[in-house]
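Here is the structure we will look at, set down as structure tokens.
These figures come from a predicted structure and were not determined experimentally. Protein chains get the first letters and strands the later ones, always in sequence-line order, with residue 1 at the start of each.
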There are 2 protein chains.
Amino acid sequence: MLEAFDIVARAVADRSRVRILKLLEPGELCVCQITAVLALAPATISKHLSVLKSAGLVFQRKQGRWVHYRLADRAVNPYALAMLIMIQERVGDDPALNEDRARLARVQSLSLETLCDQGAAAVDAVAFCQ
Amino acid sequence: MLEAFDIVARAVADRSRVRILKLLEPGELCVCQITAVLALAPATISKHLSVLKSAGLVFQRKQGRWVHYRLADRAVNPYALAMLIMIQERVGDDPALNEDRARLARVQSLSLETLCDQGAAAVDAVAFCQ
DNA sequence: AATTCATTTCGCCGAAGGGCGAAATGAAGA
DNA sequence: TCTTCATTTCGCCCTTCGGCGAAATGAATT
């Protein structure tokens with residue numbers, strides 16, 4: 001029990017991972033989309049997602065070349081859902097998170113093909129055009 | 001906001017600190033009592049308490065030679081109380097925590113004077129006598 | 001079967017964090 | 001004022017963890 005709570009607590013005790021959880025609130029996202037928003041190396045994002053998945057905070061769905069992640073909606077870890085709800089309800093207005101949401105909007109205006117080819121550069125290009 | 005959540009999350013992302021929070025649920029305790037239960041160095045316990053205090057999870061009260069800590073009951077950090085409630089309601093039956101509670105009972109059967117003089121050894125002596 | 005390519009795994013680096021002993025602090029008592 | 005002593009702070013060690021590039025994986029396409 002302590003062990004299970006500890007896994008969830010350690011998982012959310014990192015800004016990048018909380019940013020990912022907040023990004024996933026509106027719906028599932030592809031790894032490359034998350035990577036483009038956070039502007040970190042794919043290896044880093046993959047590691048974060050693996051930690052979140054192990055904690056039962058996110059689920060994974062593979063479709064074609066891409067892997068989509070979404071917030072957990074079923075209790076794998078008894079503390080995961082409660083923690084997600086807490087983050088959802090209480091962690092709201094924040095400069096970094098608002099920035100992420102704006103960036104996500106631009107990311108989602110691109111096809112996955114374009115995004116994977118161009119990476120974060122394409123996102124900045126969209127920002128420039130608007 | 002993200003910053004504030006991060007501080008609380010990192011504070012509870014450690015087994016020793018969660019054990020301390022669970023110990024404090026029935027009521028305030030002296031530093032030496034917590035030290036005797038967890039069987040860690042006073043310096044270590046003090047550091048943990050400082051982290052919990054900075055996160056707004058515990059309050060401090062000085063009385064004579066001793067310092068008493070208790071769970072926060074007023075919102076210093078907007079996430080602290082919610083996290084405490086979550087830990088209180090959901091983190092329950094666990095071998096380590098049960099062990100701590102049993103050890104706490106023995107600790108509380110000693111006066112602070114005896115406890116501070118003898119340390120953890122006195123606690124083991126009580127266990128032996130019962 | 002070979003290629004492409006999004007994702008993951010591996011190995012490494014530097015920073016952060018838990019643990020302790022020793023020294024500092026500071027309040028109570030002599 | 002001087003001593004005592006619970007607690008805290010400081011410095012150090014060692015482990016854990018976030019980050020990255022390079023290599024491995026594995027599914028889809030040619």
Side-chain angles (χ1 to χ4, degrees), chain A residues 3 6-20 28-55 58-70 107 110-120 122, chain B residues 2-3 6-20 28-55 58-69 107 110-120 122:
Chain A
E3 170 76 11
D6 199 52
I7 289 173
V8 171
R10 284 206 314 271
V12 300
D14 176 86
R15 281 184 181 77
S16 298
R17 287 195 287 268
V18 174
R19 288 170 65 196
I20 292 175
E28 70 172 19
L29 292 175
C30 169
V31 174
C32 62
Q33 293 175 309
I34 300 171
T35 302
V37 172
L38 294 220
L40 290 174
T44 304
I45 299 293
S46 183
K47 182 89 156 298
H48 281 315
L49 289 169
S50 150
V51 171
L52 291 173
K53 194 179 142 201
S54 298
V58 302
F59 293 160
Q60 182 186 65
R61 179 177 69 88
K62 301 188 182 183
Q63 180 180 35
R65 291 184 286 168
W66 293 286
V67 179
H68 297 257
Y69 282 86
R70 66 179 185 281
V107 163
L110 299 168
S111 70
L112 290 187
E113 282 79 3
T114 312
L115 188 61
C116 290
D117 286 353
Q118 322 268 334
Chain B
L2 220 185
E3 170 75 13
D6 200 51
I7 289 173
V8 172
R10 285 207 312 273
V12 299
D14 176 86
R15 280 184 181 78
S16 298
R17 286 195 288 267
V18 174
R19 288 171 65 196
I20 292 176
E28 71 172 18
L29 292 175
C30 170
V31 175
C32 62
Q33 293 175 310
I34 300 170
T35 303
V37 172
L38 294 221
L40 291 173
T44 305
I45 298 294
S46 182
K47 181 89 156 300
H48 281 316
L49 288 169
S50 151
V51 171
L52 291 173
K53 193 179 142 199
S54 299
V58 301
F59 293 159
Q60 183 184 62
R61 179 177 70 88
K62 300 188 182 184
Q63 181 180 35
R65 293 184 285 170
W66 294 285
V67 180
H68 297 257
Y69 283 86
V107 163
L110 299 168
S111 71
L112 290 186
E113 282 78 4
T114 312
L115 188 60
C116 290
D117 286 352
Q118 321 269 333

A:Leu49 CG to D:dG18 P, in whole Å, measures 13 Å
Using a 4.0 Å cut-off on protein heavy atoms (strictly under), produce a 5'-to-3' string for nucleotides 23-30 of chain D with B for base contact, S for backbone-only sugar-phosphate contact, and - for none.
-> ----SS--
Start with the C-alpha distance between B:Leu49 and B:Gln60, add both sets of side-chain angles, then the distance that settles side chain to side chain contact (heavy atoms under 4.5 Å, CB included), and finish with yes or no.
-> CA-CA 9 Å; B:Leu49 288 169; B:Gln60 183 184 62; over 6 Å; no
Among C:dT7, D:dA6, C:dC20, the one nearest any side-chain atom of B:Cys30 is D:dA6
Give, for atom NZ of A:Lys53 and atom CZ of A:Phe59, the distance between the pair rounded to the nearest 0.5 Å.
-> 10.5 Å
Donor-acceptor contact below 3.5 Å, side chain A:Thr35 vs main chain A:Val31 = yes
Scoring nucleotides 10-15 of chain D by protein non-hydrogen atoms under 4.0 Å (B base, S sugar-phosphate only, - none) yields ------
When we call it a touch if two heavy atoms are under 4.0 Å apart, what does A:Ile45 touch: a base, just sugar-phosphate, or nothing?
-> nothing
Rounded to whole Å, the NE2-P distance (B:His48 to D:dT7) equals 16 Å
Compare the minimum distances between each of D:dG19, D:dT8, C:dT7 and the side chain of A:Ser16, then state the nucleotide with the smallest one.
-> D:dG19
Indicate, with a heavy-atom threshold strictly under 4.0 Å, whether B:Gln33 touches base, sugar-phosphate, or nothing.
-> nothing
Identify whether any heavy atom of A:Ser50 sits under 4.0 Å from a base atom; if not, whether one sits that close to sugar-phosphate; answer base, sugar-phosphate or nothing.
-> nothing
To the nearest angstrom, the CG-P distance between A:Leu40 and D:dC17 comes to 18 Å
Distance from B:Ser50 atom OG to B:Ile45 atom CD1, nearest 0.5 Å?
-> 12.5 Å
Distance-only check: which donor-acceptor pairs under 3.5 Å involve side-chain atoms of residues 11-18 of chain B, not counting sequence neighbours?
residue: B:Asp14; atom: OD2; partner: B:Ser16; partner atom: N; Å: 3.0
residue: B:Asp14; atom: OD2; partner: B:Arg17; partner atom: N; Å: 3.1
residue: B:Arg15; atom: NH1; partner: A:Asp6; partner atom: OD2; Å: 3.0
residue: B:Arg15; atom: NH2; partner: A:Glu3; partner atom: OE1; Å: 2.1
residue: B:Arg17; atom: NE; partner: B:Ala11; partner atom: O; Å: 2.7
residue: B:Arg17; atom: NH1; partner: B:His48; partner atom: ND1; Å: 3.1
residue: B:Arg17; atom: NH2; partner: B:Arg10; partner atom: O; Å: 3.2

Rounded distance in Å - CD1 (B:Ile34) to C1' (D:dT8) = 14 Å
Per nearest nucleotide of DNA chain D, the residue lying toward the 5' end, B:Cys32 or A:Arg17, is B:Cys32
